[in-house]
Undergrad: 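Right, I'll just put the structure down here and ask away after.
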2 protein chains.
Amino acid sequence: MAVTIKDVAKKAGVSPSTVSRVLSNHPRISAETSRKVKDIMDQLGYHPNIMAKSLVSKTTNSICIMLPKSAEELFSNFFFMELIRGIVTQASRLGYDVLISSGANEKEEIEGVSRLINGRRVDGVILLYSRKDDPVIDFLHENGHHFVLIGRSEQYPDILSVDNDNVQASYDATKHLISLGHERIGFVSGPPDLVVSKDRLKGYLDALHDSGLEMRPEWIVEGEFLQDSGYRAMSFFMNLPNRPTGIVLIDDVVSFGVLRGLHELKYKVPEDLCLVSFNNIPLSELSTPPLSSIDIGIYNLGYTASQVLIQSIQNNNDKSYQKRQIIPHRLMVRESSMYSISKK
Amino acid sequence: MAVTIKDVAKKAGVSPSTVSRVLSNHPRISAETSRKVKDIMDQLGYHPNIMAKSLVSKTTNSICIMLPKSAEELFSNFFFMELIRGIVTQASRLGYDVLISSGANEKEEIEGVSRLINGRRVDGVILLYSRKDDPVIDFLHENGHHFVLIGRSEQYPDILSVDNDNVQASYDATKHLISLGHERIGFVSGPPDLVVSKDRLKGYLDALHDSGLEMRPEWIVEGEFLQDSGYRAMSFFMNLPNRPTGIVLIDDVVSFGVLRGLHELKYKVPEDLCLVSFNNIPLSELSTPPLSSIDIGIYNLGYTASQVLIQSIQNNNDKSYQKRQIIPHRLMVRESSMYSISKK
DNA sequence: ATCAACTGTGCAAACGTTTTAACATTTGGA
DNA sequence: TCCAAATGTTAAAACGTTTGCACAGTTGAT
């Protein structure tokens, strides 16, 4: 059917081994033979069978991405697509293919990843999230598979990971409000089982503490990465007797919910409430008013994750490289936080 | 190293063939043998080697998605992620893995897809876009590969494709404005080399024609799927002597650009200009005012594309199924178009 | 009792590569 | 001139499956 290495060999009058060596640029092949074989390949339209190659070489030149079920959420769409773009771009540059796997729950996720990695279909895995106590991480770690985590693991501090300095980023966002004179600052967090929620909360608390500002439990609200959470947080905050004048939010989409609510209730942003959030998705400069946001370099996170994973696959033993990569963040100040509080 | 079918066979005291047959639920295997072999598999932690299986069965149980370089554009992020989710979900349900491929230009795209499909790494391809005269389609069609197009091909009308009835959808959007009394209606299109731009333009023109309304060339503007295009179209329209009172736009993100411009210039939506656009991305109900938009069922497009492709792979010969699937669309009327023009 | 059909299993070839070891030829230093 | 090293190529085994064919044993209708 398809043309194989044997067909090429026969037509070129050499052995299959020679053809194989031409393919891999083996140093001991003469220039003449190489030329001739390559011509025949073109002529016959030869394409190496990747499966056969993988079978014998025990390496697949592909990696897989675990897409969490939470990718269904609104927030995730931009974030994950951007991550995937970064991953695919760098992987492809390094000659790797990318598979996407997903599962409806943790059990399915493990089954999927196990099938792919134990079935020798992929050489490594990228995890796009970091839950606390994640059994998928347990599985990969215990069995010594190659993987990299986008985010941070509390269970295994020394695994390969690519992350932002979320504590610092949140510290920066909070300090930004403090520098504008805000003294009552709220925080809208994400699901408590995500490490990122914890880290950003810590940065917020640190900043308050360092500035000698009051921290009140009722100024901290938990939610999802959904605009509804923002809406609800807004209602809650605005009804407090001594309400915050500024808030830090875990994600831009949550901010959109807050904006919508404030608009409905005829509040003004930033005069009545200042907002700073995370992720700097493209629409955050399109909202009314435009949102101040911490750019976390999503594409760069994905790009670097590919890089790190493939490096680890290729230098199986070499432990010299950095285990944990930190992608720099950057506060984009826009109208939603441009309001100074004058002290009375 | 890893545990193979032979290890299982030896331990179970049967032949490798029997183990293989247990794996594929061959009818002639006795219940007792099957039980025993399966126990041993669990005990040994056996996982079939997918590569070896593919090599002999000449089928990979995977498909690939060609991610166009335009995925870098803003609009695309939500759209493509949603498509991918649909594709991956259905593929995984049918036991297929999904690979993502991309290329910086058409040449790279063809090389990538050729390597994967000729290298027998994937059984079929899903194309996420439909350009006019696309060489990737030429390549796939000429070589008789399995593929499905999300969109429509002008070159090959009878290839497998999943699409909306974009002409009708655009007709509906335009009719909606007409039914509110609008008589001067503009259209903001996308890049002219995309089939979808052409189809939506046609629906708009048909609707005007059927209602006996005037069509003016200056009311039709071409752009990209970017908010900047919307901004520019807005400036252009609002400076016309006899400007439109309503416009149909190729994409929600373009509408965001229009909204921003109108807001800056203190125009009111929908009073000064009514908007209806396409795709109904989640943020379109969050904008001020919320956008009227045609929901095209993005997830469903992806889901169906998987379904159709895999069906075609599995029934290689059977030509009985529908070549072209149309996903229903639905107009979501929101505030941006809720303004009737009274006849004078 | 006979034989056809069925049931359950094993043997061995095949899938398309890579790679080890071996071989033949050439080169060049002493 | 001789031998060691370098160069270029090949034969054959291996990777882990699937599957057509063969075979033995059982069943059941005549």
Side-chain angles (χ1 to χ4, degrees), chain A residues 1-38 40-41 44-62 95 97 115-123, chain B residues 1-38 40-41 44-62 95 97 115-123:
Chain A
M1 199 77 253
V3 26
T4 76
I5 237 179
K6 285 183 189 165
D7 302 325
V8 176
K10 189 174 296 172
K11 181 136 188 186
V14 297
S15 76
S17 341
T18 300
V19 176
S20 172
R21 284 190 240 268
V22 167
L23 236 30
S24 54
N25 290 313
H26 192 280
R28 291 239 198 119
I29 293 292
S30 71
E32 190 198 3
T33 307
S34 174
R35 197 53 282 131
K36 184 176 60 183
V37 169
K38 279 178 179 163
I40 306 262
M41 281 181 184
L44 261 45
Y46 170 75
H47 289 269
N49 183 310
I50 308 183
M51 297 297 180
K53 175 172 178 165
S54 291
L55 181 57
V56 43
S57 69
K58 289 178 175 313
T59 161
T60 66
N61 275 44
S62 27
D97 290 316
R115 190 179 57 83
L116 290 174
I117 211 160
N118 285 320
R120 300 285 184 277
R121 194 199 202 70
V122 300
D123 298 335
Chain B
M1 198 79 252
V3 26
T4 76
I5 234 178
K6 286 183 189 166
D7 301 326
V8 176
K10 189 174 296 171
K11 180 134 186 186
V14 298
S15 76
S17 343
T18 300
V19 177
S20 172
R21 285 189 243 266
V22 167
L23 235 28
S24 54
N25 289 314
H26 192 284
R28 290 237 198 119
I29 293 293
S30 72
E32 188 198 2
T33 307
S34 176
R35 195 55 280 133
K36 183 176 60 183
V37 170
K38 280 178 178 161
I40 307 264
M41 282 182 185
L44 260 44
Y46 169 75
H47 290 270
N49 182 310
I50 309 182
M51 297 297 179
K53 173 170 180 167
S54 292
L55 182 57
V56 42
S57 68
K58 288 178 175 314
T59 163
T60 66
N61 275 45
S62 25
D97 290 318
R115 188 178 58 82
L116 291 174
I117 211 161
N118 284 320
R120 302 283 185 281
R121 194 201 202 69
V122 301
D123 298 336

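A, B, ... follow the sequence lines: proteins, then strands. Residue 1 opens every chain. What you are looking at is a predicted structure, and each value in this text was computed from that prediction instead of being measured.
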Undergrad: For S17(B) and dC11(C), is the shortest distance between a side-chain N/O and OP1 or OP2 below 4.0 Å?
TA: no
Undergrad: Does dT9(D) have OP1 or OP2 sitting under 4.0 Å from an N or O in the side chain of T33(A)?
TA: yes
Undergrad: OP1 or OP2 of dT9(D) versus the side-chain N and O atoms of S30(A): is any pair under 4.0 Å?
TA: yes
Undergrad: R21(B) side chain: which of dT9(C), dG16(C), dA11(D) is closest?
TA: dT9(C)
Undergrad: Please find the pair of heavy atoms, one from A52(B) and one from L55(A), that lie closest to each other, and give the distance.
TA: CB-CD1, 3.6 Å
Undergrad: Rounded to the nearest angstrom, tell me the gap between atom CD in E32(A) and atom P in dT9(D).
TA: 8 Å
Undergrad: Taking atom C1' of dT18(C) as reference, at what distance in whole Å does atom CD1 of I29(A) sit?
TA: 13 Å
Undergrad: Using atom names, set out every protein N or O paired with an N or O of nucleotides 22-28 of chain D below 3.5 Å, distance rounded to 0.1 Å.
TA:
none

Undergrad: Go nucleotide by nucleotide along DNA chain C from the 5' end; which of A52(B) and T18(A) gets its closest nucleotide reached first?
TA: A52(B)
Undergrad: So what does S57(A) touch, heavy atoms closer than 4.0 Å: a base, only the sugar-phosphate, or nothing?
TA: nothing
Undergrad: How close do A2(B) and R120(A) get, counting heavy atoms only, and between which atoms?
TA: CB-NH2, 3.0 Å
Undergrad: Can you identify which nucleotide, out of dT18(C), dG8(C), dC15(C), has its nearest atom closest to the K58(B) side chain?
TA: dC15(C)
Undergrad: Could you state the CD1-P distance from I50(B) to dT17(D), rounded to the nearest angstrom?
TA: 11 Å
Undergrad: Nearest to the S15(B) side chain among dG10(C), dG16(C), dT18(D), which nucleotide is it?
TA: dG10(C)
Undergrad: What is the distance, to the nearest angstrom, from the NZ atom on K6(B) to the C1' atom on dT18(D)?
TA: 13 Å
Undergrad: Please report, rounded to the nearest Å, how far the P atom of dC15(C) is from the CG atom of N49(B).
TA: 18 Å
Undergrad: Please pick, from dT17(D), dT17(C), dC15(C), the nucleotide with the shortest atom-to-atom distance to any side-chain atom of I5(B).
TA: dT17(D)
Undergrad: Nearest to the side chain of V14(B), which nucleotide is it out of dA11(D), dG10(C), dT9(C)?
TA: dG10(C)
Undergrad: In whole Å, what is the span from the CZ atom of R121(B) to the P atom of dT17(C)?
TA: 14 Å
Undergrad: Exactly one of S17(A), S20(A), P48(A), S15(A) should register a side chain to side chain contact (heavy atoms under 4.5 Å, CB included) with I5(A). Which one does?
TA: S20(A)
Undergrad: So that I can tick it off, tell me whether R115(A) and D97(B) are bridged by a salt bridge, with the cut-off set at under 4.0 angstrom between side-chain N and carboxylate O.
TA: yes
Undergrad: What pair of heavy atoms forms the shortest contact from V3(B) to Y46(B), and how long is it?
TA: O-CD1, 3.3 Å
Undergrad: Between P16(B) and A9(B), which heavy-atom pair has the shortest distance, and what is it?
TA: N-CB, 3.6 Å
Undergrad: At under 4.0 Å between heavy atoms, what does H47(A) touch on the DNA or RNA strands: base, sugar-phosphate, or nothing?
TA: sugar-phosphate
Undergrad: How many Å lie between CE on M51(B) and C1' on dG16(C), as a whole number?
TA: 13 Å
Undergrad: Closest approach of S62(A) and R121(B), non-hydrogen atoms and distance?
TA: OG-NH2, 2.6 Å
Undergrad: Locate the shortest heavy-atom distance separating T18(B) from T33(B); write the atom from each residue and the value.
TA: CG2-CG2, 3.8 Å
Undergrad: Provide, to the nearest angstrom, the distance between the NZ atom belonging to K10(B) and the P atom belonging to dG10(C).
TA: 14 Å
Undergrad: Nearest of dT10(D), dG16(D), dC11(C) to any side-chain atom of T4(B)?
TA: dG16(D)
